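For reference, the structure is listed below as structure tokens.
Computed from a prediction, not measured in an experiment: that's the story for all the values here.
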Amino acid sequence: MSSQTLLNAGGERQYRSKHNDPNYQGEQVDPRLTNGPLPERSCTDLVCLFLFVIFLVAVGLMTGVAFKNGDPKRLLHGIDYAGFQCGLDPGYEDYKLIYFGYPFPSDKGDYKTSLTQTVCVKSCPTFNQGQEPPKTLECKTHSLYTTCETTQDISQKDKLYVYSSTNVMDLFCMPFDNALANTIQDVTNIGTITTGIQEVQKNYDTVLIVAGISLVISFVYMFLVRGCARLLVWVIILLYLIGLSALGYFFFKQNEEFAQRKDLPEEERLKKQKMFVALAYGTWGLTVLSLALICCWFQKIQIVTEVLAAAAEYVASETLTLLLPPIIFVLSMIFILYWIVTLAYLWSSGERKEGPNLPFGGWKWSNELHNMVYFHCFSFFWNLSFFVSFLQFSVAGSAVLWYFKRRNPNFQSNETVTTSIGSAIRYHLGSIIFGALILTFARVIRIVYAYIYYTLKKEGLAENAVVQKVALCCACCIESFERFVRHVNTHGFIEV
């Protein structure tokens with residue numbers, strides 16, 4: 001007798017669970033759902049909707065404060081030794097460029113101290129090797145440099161050391177000399193932005209080509225799956241097994257090749273042979289294990305192929321679905337652009353620190369500004385999670401409607417995608433917002449953990465073996481929790 005069954009007093013077979021009964025046909029479905037989701041609906045999770053509206057109002061107020069008090073130019077233009085900002089402060093409007101008057105290490109080998117010795121200049125000195133450098137620069141003097149006279153003698157620290165340089169984005173003078181340029185970039189990190197812009201300009205066409213190729217491949221794959229899902233899945237599985245077997249054979253042949261090599265010390269040769277033999281038998285063992293799992297999961301693989309075929313048929317039938325991801329992507333990019341601009345205004349709302357600073361930095365924030373930045377970061381994750389959740393809800397609703405439309409020619413709606421989007425906006429924004437909020441909390445937990453681990457690593461505590469094991473366990477738990485939340489969100493949207 002199976003462990004899932006038992007006999008009652010009358011000798012009749014009973015099942016410990018109704019799900020083990022082969023005659024069990026499931027729970028009775030509400031007759032109103034036989035033709036698909038109910039057209040008569042009511043709004044869900046209104047509390048979350050009201051909370052999100054209040055949240056958006058707060059975001060708008062924060063944005064207004066940021067644009068009123070901040071100026072991103074303050075983040076770009078450098079600060080001279082006296083604390084004046086080139087190109088922005090009164091009297092410095094024509095002196096936009098930061099010039100490093102002594103780009104060498106100090107007597108104690110401290111670069112940061114020497115690179116605070118800056119002045120604001122009108123133009124960068126440029127001259128070829130062998131030419132006479134300019135004797136003076138048009139600059140704004142201060143207590144450190146009381147004159148704009150130049151020198152090429154590093155011992156004369158009361159004068160500006162002159163070097164040939166180039167104007168970078170009307171912000172600073174970058175030396176042509178590689179050693180000086182590398183020193184400035186390493187200490188102040190001012191070359192990062194220009195390098196990033198150059199990389200984008202250089203590789204944007206490659207990114208577009210790869211994106212186009214990926215889109216074409218995805219369409220080809222979709223139509224292949226729609227027409228021959230079973231064959232395609234089993235061909236992929238077969239290629240996987242053949243690839244593993246071939247990889248094991250390659251490792252075994254490498255072992256034979258090392259056995260014939262006489263140019264290596266015997267100890268090293270034997271070590272290599274043992275390594276390749278272990279890799280070969282390990283790969284073949286993985287092949288056998290994969291084959292056994294495939295045999296055990298044969299029925300599940302069959303179900304997966306049917307699901308893939310149905311998904312491909314749905315996408316081919318509801319082609320409007322293909323527009324949803326690009327639209328959500330564009331909206332997300334617009335929001336990210338707004339978020340970055342607002343962050344720049346928030347960041348520049350702080351006050352400059354007094355005293356000599358590195359030319360690009362030296363800001364201090366109030367507690368209120370700190371809280372606004374944290375709130376702005378939280379809004380980033382909640383809004384992006386909302387976009388993703390809205391996309392999931394719309395696709396899930398469209399797929400459910402398509403399933404019933406396929407069975408009923410007189411279905412309530414032919415346009416499943418627009419119907420699903422309309423239902424989401426009219427009735428279920430609260431549920432979508434609630435799901436996005438849960439996902440946001442999961443991501444915030446991950447970020448907090450990453451910050452804690454970074455702090456431990458910075459303090460040298462992450463080298464401890466116990467701390468490393470605990471950190472790995474925490475990372476695994478957080479990852480599992482986030483996946484669980486995503487899974488519950490997706491199925492929750494389907495139920496709604």
Give me the atom names and distance for the closest heavy-atom approach of P72 to S348. N-OG, 3.6 Å
Tightest non-hydrogen contact, residues A66 and S349, listed as O-OG, 3.9 Å
Could you tell me whether a side-chain N or O of N167 sits under 3.5 Å from a main-chain N or O of D170, the two making a donor and an acceptor? yes
Could you check whether any side-chain heavy atom of V341 comes within less than 4.5 Å of a side-chain heavy atom of F67, counting everything from C-beta outward? yes
Main-chain N/O of E318 paired to T321 side chain as donor or acceptor, under 3.5 Å: yes
Would a distance-only check, ignoring hydrogens and angles, find a side-chain to backbone donor-acceptor pair under 3.5 Å from S379 to H376? yes
Tell me if a side-chain donor or acceptor on S290 pairs with a main-chain N or O of L286 at a distance below 3.5 Å. yes
Heavy-atom closest contact (Y449 atom, L472 atom, distance): OH-N, 4.4 Å
So among T305, V304, L238, which one has a side-chain contact (heavy atoms from CB on, under 4.5 Å) with V233? T305
Say you draw a straight line from CH2 of W402 to OG1 of T419; how long is it, rounded to the nearest 0.5 Å? 16.0 Å
For the pair F55 and N383, evaluate side-chain contact (heavy atoms from CB on, under 4.5 Å) and give the outcome as yes or no after the intermediate values. CA-CA 10 Å; F55 168 77; N383 282 285; 3.8 Å; yes
With a 4.0 Å cut-off, would you call E257 and K253 a salt bridge? no
Quick one: do L369 and L346 satisfy side-chain contact (heavy atoms from CB on, under 4.5 Å)? Show the steps, please. CA-CA 8 Å; L369 187 55; L346 271 177; 3.9 Å; yes
Is the closest side-chain donor-acceptor distance between T44 and S431 under 3.5 Å? yes
Is the shortest heavy-atom distance from the side chain of I327 to the side chain of L391 under 4.5 Å? no
Mind checking whether F252 and Y281 have parallel, tilted or perpendicular rings, split at 30° and 60°? perpendicular
Verify ring pair (Phe, Tyr, Trp, His ring centres under 6.0 Å) between F434 and F386, making sure each step is shown before the conclusion. CA-CA 9 Å; F434 180 58; F386 171 76; over 10 Å; no
Kindly indicate, with the supporting measurements, whether the criterion ring pair (Phe, Tyr, Trp, His ring centres under 6.0 Å) is fulfilled by W284 and Y249. CA-CA 8 Å; W284 285 333; Y249 179 76; 7.6 Å; no
Measure the spacing between CG of L437 and CG of L51 and express it to the nearest 0.5 Å. 7.0 Å
Do the non-hydrogen side-chain atoms of L384 and I336 ever get within less than 4.5 Å of each other? yes
Could you tell me whether the side chain of V59 reaches within less than 4.5 Å of the side chain of F375, counting heavy atoms only? yes
W234/I294 under side-chain contact (heavy atoms from CB on, under 4.5 Å): CA gap, chis, key distance, verdict: CA-CA 10 Å; W234 288 111; I294 290 169; 3.8 Å; yes
Quick one: does E479's side chain get under 4.5 Å of R446's, heavy atoms only? yes
Heavy-atom closest pair, residues G248 and A280: O-CB, 3.4 Å
Does V65 form a side-chain contact (heavy atoms from CB on, under 4.5 Å) with L61? I'd like the steps, not just the answer. CA-CA 6 Å; V65 171; L61 293 175; 5.6 Å; no
I need the single residue from W339, Y345, Y338 that forms a side chain to side chain donor-acceptor pair (under 3.5 Å) with T63. Which is it? Y338
Does the side chain of V485 come within less than 4.5 Å of E482's, by heavy atoms? no
Gap separating the CE atom of M62 from the OG1 atom of T342, nearest 0.5 angstrom: 6.0 Å
Is S480 reaching over with its side chain to a backbone N or O of C476, donor-acceptor style, under 3.5 angstrom? yes
Rounded to the nearest 0.5 Å, how far does CD1 of I447 lie from CD1 of I452? 12.0 Å
Of all heavy-atom pairs linking S420 and L401, the shortest is N-CD1, 4.1 Å
Is V395 close to Y314 at the side-chain level, that is, under 4.5 Å between some pair of heavy atoms? yes
Name the orientation class of the two ring planes belonging to F393 and H428 (parallel below 30°, tilted from 30 to 60°, perpendicular beyond 60°). tilted
When you measure from the side chain of N255 to the backbone of F251, do you find a donor-acceptor pair of N or O atoms at a distance under 3.5 Å? no
Please report the interatomic distance CD1(I438) to CZ(R443), rounded to the nearest 0.5 Å. 13.0 Å
Please examine the side chains of L323 and V417, heavy atoms only from C-beta on, and report whether any two atoms are closer than 4.5 Å. no
If you measure from NZ on K271 to CZ on F276, what distance do you get to the nearest 0.5 Å? 12.5 Å
For G435 and S389, the nearest pair of non-hydrogen atoms, with its separation, is C-OG, 4.2 Å
Give a yes-or-no answer on whether the side chains of T416 and S398 include a donor-acceptor pair shorter than 3.5 Å. yes
